[in-house]
Number of protein chains: 2
Amino acid sequence: MMIQSTLNQQRLNKGSYTVLRALKEIGKLSSAQDIHLWFRLNETADAPALTTIYRALDSLLKMNLLQAVDIGDGERRYEIVEPGEHHHHLICTDCLESIHLEKCFLEAFASSVEQRHGFVVRSHVLEIFGICRKCSSKKPKAPSV
Amino acid sequence: MMIQSTLNQQRLNKGSYTVLRALKEIGKLSSAQDIHLWFRLNETADAPALTTIYRALDSLLKMNLLQAVDIGDGERRYEIVEPGEHHHHLICTDCLESIHLEKCFLEAFASSVEQRHGFVVRSHVLEIFGICRKCSSKKPKAPSV
DNA sequence: ATGAGAATGGAAACGGTTTCCATTATAATC
DNA sequence: GATTATAATGGAAACCGTTTCCATTCTCAT
């Protein structure tokens with residue numbers, strides 16, 4: 001299992017390991033607060049403190065095991081990715097579920113930007129907001145406020 | 001002048017008008033705090049309070065005169081756009097200046113997403129981070145931390 | 001002039017995140 | 001196994017951008 005071997009190789013500390021496992025179980029974009037709540041709801045023992053969760057997310061991010069996603073509501077969310085990979089999402093503004101797009105189609109675009117603007121691309125943010133299939137079938141006539 | 005006529009048509013209040021004018025003079029992506037600071041540095045009279053600046057930015061945004069940009073540092077920035085239009089940026093992580101891309105090339109992509117995922121696209125976020133021409137010529141060998 | 005509704009400013013509250021510091025766990029050395 | 005140095009942890013406080021609250025001021029139709 002990938003997580004285990006990473007633990008051995010990079011000596012992931014207990015907090016980081018616990019958070020990574022939680023994130024895997026939760027299985028969707030989660031903020032530090034989400035994870036903290038999840039621990040309080042599901043596990044009695046070994047639940048790391050909020051501070052530790054923040055630290056764990058930071059170091060997991062630095063190890064390229066996570067991707068951070070900012071949907072603009074002031075809460076940073078995280079998600080497990082293949083080490084070094086990243087992808088983008090369709091985020092439903094109704095149910096807040098997210099569909100992740102398999103491939104990042106911007107890589108190709110990056111090189112054209114580099115040439116056209118003399119700009120060295122390091123990273124990018126792309127998130128698409130809207131209403132998912134489930135939600136739009138629930139309420140056929142959503143008021144577009 | 002566009003701003004003036006909008007003022008007459010939509011009865012922009014004083015705060016909103018003042019903030020819009022400031023934003024135009026500053027001429028780059030600015031947060032509420034940036035604008036507040038700018039007022040304190042440049043103008044003695046008529047400087048709206050921070051609260052008013054927040055309110056003004058909100059209503060200008062609702063009127064589609066501004067675009068909000070979130071570069072993930074917890075501070076929302078705003079920029080004047082042609083009413084209803086939007087665009088994306090190349091943001092230099094070194095000097096924090098931003099180059100705005102003329103056209104949004106994602107509009108076309110949206111319809112393919114809608115068909116493929118049954119997802120109704122309402123909005124999206126796309127920002128590209130890296131090092132601009134100026135900054136990369138300043139330090140030819142930037143350490144890639 | 002008068003009175004109702006909107007706009008404004010200042011202070012307090014809010015909430016996610018970071019920092020601080022004392023305590024506890026971990027691992028290497030003797 | 002005892003002793004230390006170092007890292008990890010938890011809890012509380014600080015931080016900071018933003019929002020809310022409320023009393024005051026402005027605006028404008030009557």
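Naming: A, B, ... by sequence-line order, numbering from 1 per chain.
As a whole-Å value, the separation of B:D70 CG from C:dG16 C1' is 14 Å. Between B:H36 atom NE2 and C:dG10 atom C1' the separation is 11 Å, expressed in whole Å. Across the protein-nucleic acid pair, B:L61 atom CG and D:dT18 atom P stand 13 Å apart, rounded to whole Å. For the pair B:L50 CG and D:dT18 P, the interatomic distance rounds to 8 Å; values are reported in whole Å. Spacing between atom CD1 of B:I35 and atom P of D:dT18 amounts to 10 Å, rounded to whole angstrom units. Distance, A:L57 CG to D:dA8 P: 15 Å, rounded to whole Å. The separation between B:E75 atom CD and D:dC15 atom C1' is 13 Å, rounded to whole Å. Rounding to whole angstrom units, CG of residue B:D73 and C1' of C:dG16 are separated by 14 Å.
You'll find that the side chain of B:A32 is closest to D:dT18, out of C:dT18, D:dT9, D:dT18. Nearest to the side chain of B:K14, among D:dG17, C:dT17, C:dT8, sits C:dT8.
The backbone N or O of B:K14 sits less than 3.5 Å from a side-chain atom of B:T18, completing a donor-acceptor pair.
Residue A:Y54 has a polar side-chain atom (N or O) positioned under 4.0 Å from OP1 or OP2 of C:dT17. Proximity of B:T51 to the phosphate of C:dG10: no side-chain N or O atom is located under 4.0 Å from OP1 or OP2. Within the 4.0 Å cut-off from OP1 or OP2 of C:dT26, not a single side-chain nitrogen or oxygen of A:N13 is found.
Among the heavy atoms of the strands lying under 4.0 Å from B:R55 is at least one base atom, whether or not backbone atoms are also near.
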Just distance, no hydrogens or angles: give the donor-acceptor pairs under 3.5 Å from side chains in residues 49-58 of chain B, sequence neighbours left out.
| unit_1 | atom_1 | unit_2 | atom_2 | d |
| --- | --- | --- | --- | --- |
| B:Y54 | OH | B:Q33 | NE2 | 3.2 |

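Evaluated for a side chain to side chain contact (heavy atoms under 4.5 Å, CB included) with B:H87, the options B:V81, B:L101, B:V69 yield exactly one hit, B:V81.
By the ring pair (Phe, Tyr, Trp, His ring centres under 6.0 Å) test, B:H86 is found to be paired with B:H88, B:H124, residues two or more places apart in sequence or in another chain being considered.
Proximity of B:H89 to B:L29: side-chain heavy atoms (C-beta onward) are separated by under 4.5 Å at one or more points.
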